[in-house]
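For reference, the structure is listed below as structure tokens.
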Amino acid sequence: MPVESLNMDRSKRVVLETTSMPWEASPAAGVMRKKLEREAAESGQVTSVVRYEAGSRFKPHLHPAGEEILVLDGIFEDEHGAYPAGSYLRNPPGSSHAPGSTPGCVLLVKLNMIARDDAVTLRKDTGGERWLPGQLDGLWLKPLHAHRDEQTRLVRFDAGASASHHEHPRGEEIFVLEGVLEDDFGCYSAGTWLRAPPGSAHRPTSSGGCTVWVKSGHIDPIP
């Protein structure tokens with residue numbers, strides 16, 4: 001097993017309340033993180049919540065298998081621009097940048113998980129996009145990206161709204177942004193990260209309303 005492997009058995013369901021997790025130092029001064037899944041020490045596939053203190057930066061670096069970012073708070077920056085809370089970024093395999101933040105920010109970051117033939121670069125300010133009606137009343141969507149089976153989107157539940165009971169043949173990943181999400185297995189407040197394995201099923205709902213980031217169809221089926 002690689003050194004520092006964490007939550008890499010994707011046949012298992014994982015639920016983490018990130019707001020109660022401690023911040024850990026990264027190799028860059030002023031950049032802290034909370035590790036959610038991690039293949040190895042400072043390499044391989046990683047999902048983290050990352051906090052940049054005001055004025056902190058990383059040196060220019062390469063992402064061999066790409067990077068995916070959702071800005072949760074503050075303003076994230078790199079040499080290509082400045083991205084406020086709600087921004088969604090995808091840097092394709094082989095891309096590089098020098099990230100930082102003048103005022104400080106908090107991010108959800110996924111490293112080295114983008115397919116080699118997914119060469120799309122994205123810079124979306126989702127705050128400026130309209131919510132689209134979902135398939136059921138009270139559900140609203142902002143599509144972010146799709147490639148093969150993989151779909152990434154923001155989903156908003158009005159108070160009392162429910163999705164249908166459904167299965168995820170290639171898994172699902174959720175980060176709760178606002179409110180409380182509920183399903184067959186529990187209740188998940190803002191800041192909770194969930195990863196459901198391939199073949200899992202549930203019926204998500206929200207009594208009081210919530211907004212979530214959702215990725216599905218990206219986890220290899222269990223042999």
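Quantities reported herein were computed from a predicted structural model and do not represent experimental measurements.
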Above 12 or not: heavy atoms from other molecules or residues under 6.0 Å from CD of Gln135?
no
Take a 6.0 Å sphere around CZ of Arg13 and say whether it holds more than 12 heavy atoms from other residues, nucleotides or ligands.
yes
Output the distance between atom [atom1] ([X]) and atom [atom2] ([Y]), rounded to the nearest 0.5 Å.
X	Y	atom1	atom2	value
Leu107	Glu67	CG	CD	8.5 Å
Leu111	Ile114	CG	CD1	9.5 Å
Cys210	Arg156	SG	CZ	10.5 Å
Lys35	Ser48	NZ	OG	8.0 Å
Glu173	Arg10	CD	CZ	8.0 Å
Met8	Thr47	CE	OG1	8.0 Å

Arg170 and Asp220: side-chain contact (heavy atoms from CB on, under 4.5 Å), yes or no, with the steps?
CA-CA 6 Å; Arg170 295 196 63 200; Asp220 290 335; 3.0 Å; yes
[Y] side chain reached by [X] side chain, heavy atoms, under 4.5 Å:
X	Y	result
Asn91	Arg123	yes
Ser216	Arg153	yes
Pro103	Glu77	yes
Asp137	Asp158	no

Path from Met113 to Ile69 over hydrophobic side-chain contacts below 4.5 Å:
no
Under 3.5 Å, is there a donor-acceptor pair between the side chain of Glu79 and the main chain of Ala98?
yes
Whether Ser26 side chain and Val31 backbone form a donor-acceptor pair below 3.5 Å:
yes
Mind checking what makes ring pair (Phe, Tyr, Trp, His ring centres under 6.0 Å) contact with [X], not counting sequence neighbours?
X	result
His168	His166, His202
His61	Phe58, His63, His97
Tyr52	Phe76

Begin with the C-alpha distance, continue with both residues' side-chain angles, and end with the deciding distance and a verdict on side-chain contact (heavy atoms from CB on, under 4.5 Å) for Thr152 and His218.
CA-CA 10 Å; Thr152 308; His218 62 301; over 6 Å; no
Excluding sequence neighbours, so at least two apart, what forms side chain to side chain donor-acceptor pair (under 3.5 Å) with [X]?
X	value
Thr126	none
Thr18	none
Asp117	His147, Arg148
Lys34	none

Taking all atoms of both residues into account, what is the closest heavy-atom pair of [X] and [Y], and its distance?
X	Y	answer
Pro143	Lys124	O-NZ, 3.2 Å
Ser87	Pro84	OG-O, 2.7 Å
Pro99	Asp78	CA-CB, 4.1 Å
Glu172	Ile219	N-CD1, 4.1 Å
Pro198	Pro169	CB-O, 3.2 Å
Ala161	Gly138	CB-O, 3.4 Å

Apply the hydrophobic cluster definition, ILVMFWY joined by side-chain contacts under 4.5 Å directly or through others, and give me every member besides Leu36.
Val14, Leu16, Met21, Trp23, Met32, Val49, Leu70, Leu72, Tyr88, Val106, Leu108, Val120, Leu122, Trp131, Trp140, Leu144, Leu154, Phe175, Leu177, Trp193, Trp213
Could you list the cluster mates of Val155? Members are the ILVMFWY residues connected by side-chain heavy atoms closer than 4.5 Å, either directly or through other members.
Val15, Leu136, Leu139, Leu141, Phe157, Ile174, Val176, Leu181, Phe185, Tyr188, Leu194, Val212, Val214
Please enumerate all residues that pass salt bridge (Lys or Arg N to Asp or Glu O under 4.0 Å) together with Glu150, with sequence neighbours excluded.
Arg90, Lys215
Just jot down the salt bridge (Lys or Arg N to Asp or Glu O under 4.0 Å) partners of Glu178, sequence neighbours excluded, or say none.
none
Val46/Leu6 under side-chain contact (heavy atoms from CB on, under 4.5 Å): CA gap, chis, key distance, verdict:
CA-CA 9 Å; Val46 180; Leu6 174 68; over 6 Å; no
If the test is side-chain hydrogen bond (donor to acceptor under 3.5 Å, both in side chains), which one of Ser207, Ser162, Ser206 qualifies with Glu182?
Ser207
Going through the checks in order, is the side chain to side chain donor-acceptor pair (under 3.5 Å) test met by Glu17 and Ser189?
CA-CA 8 Å; Glu17 295 182 2; Ser189 57; 5.2 Å; no
Tell me the salt bridge (charged side-chain N to carboxylate O under 4.0 Å, His left out) pairs involving residues 192-203, sequence neighbours left out?
Glu37-Arg195
